[in-house]
2 protein chains.
Amino acid sequence: MSEVNGFSIKQTSEQTGLSDDTIRYYEKIGLLPRAERKANGHRVYRSEDINSMNIILCLKKTGMSLDDMKPYLHLSYGDDLTEFPELYRMLQDHKKNIENQIVELQIIVDFINIKLNRKNVNDSKIH
Amino acid sequence: MSEVNGFSIKQTSEQTGLSDDTIRYYEKIGLLPRAERKANGHRVYRSEDINSMNIILCLKKTGMSLDDMKPYLHLSYGDDLTEFPELYRMLQDHKKNIENQIVELQIIVDFINIKLNRKNVNDSKIH
DNA sequence: ACTTGACTTGGAGTAAGCTCCAAGTTGTAC
DNA sequence: GTACAACTTGGAGCTTACTCCAAGTCAAGT
């Protein structure tokens, strides 16, 4: 169970909250690189892989599709983002989107608060 | 084009940003009530309907499924939310979820800022 | 030797949310 | 009266993101 030997798919699933089927699916669609296999064919994961999965989970929460994540995940460790101006711009745009999402969500929270206090629904516009 | 005669599906589509197919689909699945028809069978929409669609769009942004929206949209104007304790609780829960979403998104924005400044990706955990 | 459990594979199935299509009707413009 | 645009309907098809399945392999335990 120590990291020197890597983690099984089940351990990885437990650590990330992704199901083992989902992890295999991410490999199948090329979102995760083909995992190393042990002699018996079983997948082995290391902390970098788990790190990648956490990044996937984070980007997913912001509404990014699995397909759009691929370019980010395919960058390797030391890569300088400024060498990929399109990616850099996409990430900036994505940040803007998230900031807008936050503003909109805040508006919706205010709206719900009004509903919860006025105790009815369907009677006002948000915009 | 004035509201007295209501809006066509196309006008409604333009006002809400939902495609006409999507509006018909929402009617088909019972998310929107069956729209009034003109003598020729064409759908007519009024500002309450457009209001409902805006509410749908807002709830959608917070990740609520179309199915979960139904009970809220089926409440009528004057209905007192406290008469529907389950709905009231669901709405409170939903607000909590959105507030959590906001916190998480803020963390991701911070993370992206680090990436944009450090100019590389894939090298740190968020949690 | 045999069972059990954790895995492997390719591929099928599922759910949500649209999106598109064909065939038909209606109303206006020329 | 004929072309055209804007609708109608039911139903098929599509995309995303899983989720499940059958059949097989392999290692460890009894």
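Proteins get letters first, then strands, A, B, ... in listed order; numbering begins at 1 in each.
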- Query: Any side-chain heavy atom of B/R24 sitting closer than 4.5 Å to one from B/D21?
  - Reply: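 Yes, side chains in contact.
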### Task
With the side chain counted from C-beta on, respond yes when A/K60 and A/M69 share a heavy-atom pair under 4.5 Å apart, and no when they do not.
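Yes; the side chains approach each other to less than 4.5 Å.
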Pairwise 5' ranking along DNA chain C for A/R24 and B/K60, keeping only the more 5' one: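 Counting from the 5' end, the first nearest nucleotide belongs to A/R24.
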Between [options], which nucleotide gets closest to the side-chain atoms of [X]?
X	options	answer
A/D21	C/dG17, D/dC18, D/dC20	D/dC20
A/L66	D/dC18, D/dG11, C/dG27	D/dC18
B/H42	D/dC7, C/dT8, C/dT26	D/dC7
A/S65	C/dT9, D/dA17, D/dA6	D/dA17
A/Y25	D/dT19, D/dG10, C/dC18	D/dT19

Interatomic distance where [atom1] belongs to [X] and [atom2] belongs to [N] [whole Å]:
X	N	atom1	atom2	answer
B/E27	D/dT9	CD	C1'	11 Å
A/I56	D/dT16	CD1	P	16 Å
A/Y45	C/dC7	OH	C1'	11 Å
A/K28	C/dG10	NZ	P	8 Å
B/D67	C/dC18	CG	C1'	15 Å
B/N40	D/dA5	CG	C1'	13 Å
A/K10	D/dC26	NZ	P	21 Å
B/K38	C/dG27	NZ	P	9 Å

Examine [N]: is either OP1 or OP2 under 4.0 Å from a nitrogen or oxygen in the side chain of [X]? Give yes or no.
X	N	value
A/Y26	D/dA17	no
B/R43	D/dT8	yes
A/R37	C/dT8	no

task = Give the minimum heavy-atom separation between B/I9 and B/D20, together with the two atoms involved.
result =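 Scanning both residues, the minimum pair turns out to be CD1-O, 3.6 Å.
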Q) Just checking A/I9: base, sugar-phosphate only, or nothing, at a heavy-atom cut-off of under 4.0 Å? A)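 Sugar-phosphate only.
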Review point. Toward the 5' end of DNA chain D, which comes first, B/S8 or A/M64, by nearest nucleotide?
Key: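 The residue closer to the strand's 5' end, by nearest nucleotide, is B/S8.
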- Message: Salt bridge or not between B/D49 and B/R46? Use side-chain N to carboxylate O under 4.0 Å.
- Response: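 Here B/D49 does not pair with B/R46 in a salt bridge, since their nearest N and O are not under 4.0 Å apart.
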ask   = Linking I/L/V/M/F/W/Y whenever their side-chain heavy atoms sit closer than 4.5 Å, directly or via other members, would A/Y25 and A/M64 fall into one cluster?
value =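 A/Y25 and A/M64: one cluster.
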